[in-house]
Amino acid sequence: MSSHQKKMTFCGCVYTIVAKIPKGKVATYGQIARLAGNPKTARAVGMCMKINPFVPRVPCHRVVGSDGRLIGFSAGKGVKTKKDMLLAEGVQFRNDSVDLLQSQWNT
DNA sequence: AAACTGACTTCTC
DNA sequence: GGAGAAGCCAGTT
């Protein structure tokens with residue numbers, strides 16, 4: 001096998017998954033963690049989003065909490081900017097939380 | 001190699 | 001439903 005295969009770090013896998021989230025949909029950290037291989041890596045996923053070296057490529061704003069609640073996102077005005085971006089994509093909101101029943105990424 | 005940190009999740013009161 | 005505590009994982013120091 002070619003040895004030039006970089007060792008896929010956990011974050012690398014996460015970036016690949018998050019980049020696949022369709023527009024107008026959102027995913028929870030736990031869900032991404034599960035897709036990454038282990039449902040308990042939600043915390044690690046958050047860290048990967050924080051460093052997020054591929055900003056437009058990895059729509060970290062489509063990643064929300066288990067309740068669809070907007071957390072993290074230190075960019076711009078914080079969750080406010082995040083909410084605005086999601087609204088622009090057609091994500092349904094309920095107060096300050098995303099309506100996962102309609103806008104959660106359906107894998 | 002050990003300890004610390006953090007954009008999480010879940011349980012219990 | 002809100003507040004507090006525990007568990008888990010990966011990356012950084």
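Letters A, B, ... mirror the listed sequences (proteins, then strands); counts begin at 1. If you're wondering where the values come from, they're calculated on a predicted model, not measured in any experiment.
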Distance test, side-chain N/O of A/S66 to OP1/OP2 of B/dT9, below 4.0 Å: yes
Cluster question for you: counting only ILVMFWY and a side-chain heavy-atom cut-off of under 4.5 Å, with indirect links fine, are A/I71 and A/I21 together? yes
For A/R34 and B/dC8, give me the distance from atom CZ to atom C1', rounded to whole Å. 16 Å
Restricting to non-hydrogen atoms, name the atom on A/A19 and the atom on A/P59 that form the minimum distance, rounded to 0.1 Å. CA-CD, 3.9 Å
Tabulated below should be each protein N or O lying under 3.5 Å from an N or O of nucleotides 5-7 of chain B; please produce it.
unit_1 : atom_1 : unit_2 : atom_2 : d
B/dA7  : N7     : A/K50  : N      : 3.4
B/dA7  : N6     : A/M49  : O      : 3.2
B/dA7  : N3     : A/Y29  : OH     : 2.6

Between C1' on B/dC11 and NZ on A/K40, what's the gap in Å once rounded to a whole number? 15 Å
What is the distance from CZ of A/R69 to C1' of C/dG1, rounded to the nearest Å? 12 Å
Indicate if A/W105 and A/Y29 have the same hydrophobic cluster label, given that clusters are the connected sets of ILVMFWY residues with side-chain heavy-atom separations under 4.5 angstrom. yes
Between atom CG in A/D67 and atom C1' in C/dA3, what is the gap in whole Å? 15 Å
Tell me: CG of A/L100 to P of B/dT9, nearest whole Å? 10 Å
Would you check if the side chain of A/D99 reaches a backbone N or O of A/L101 as a donor-acceptor pair within less than 3.5 Å? yes
Whole-Å distance separating the CG atom of A/N95 from the P atom of C/dG1: 11 Å
Determine whether A/K80 and A/D84 satisfy the following criterion, side chain to side chain contact (heavy atoms under 4.5 Å, CB included), listing intermediate values before the conclusion. CA-CA 6 Å; A/K80 188 169 175 64; A/D84 186 54; 6.0 Å; no
Mark yes or no for whether A/D67, through its side chain, and A/R69, through its backbone, hold a donor-acceptor pair below 3.5 Å. no
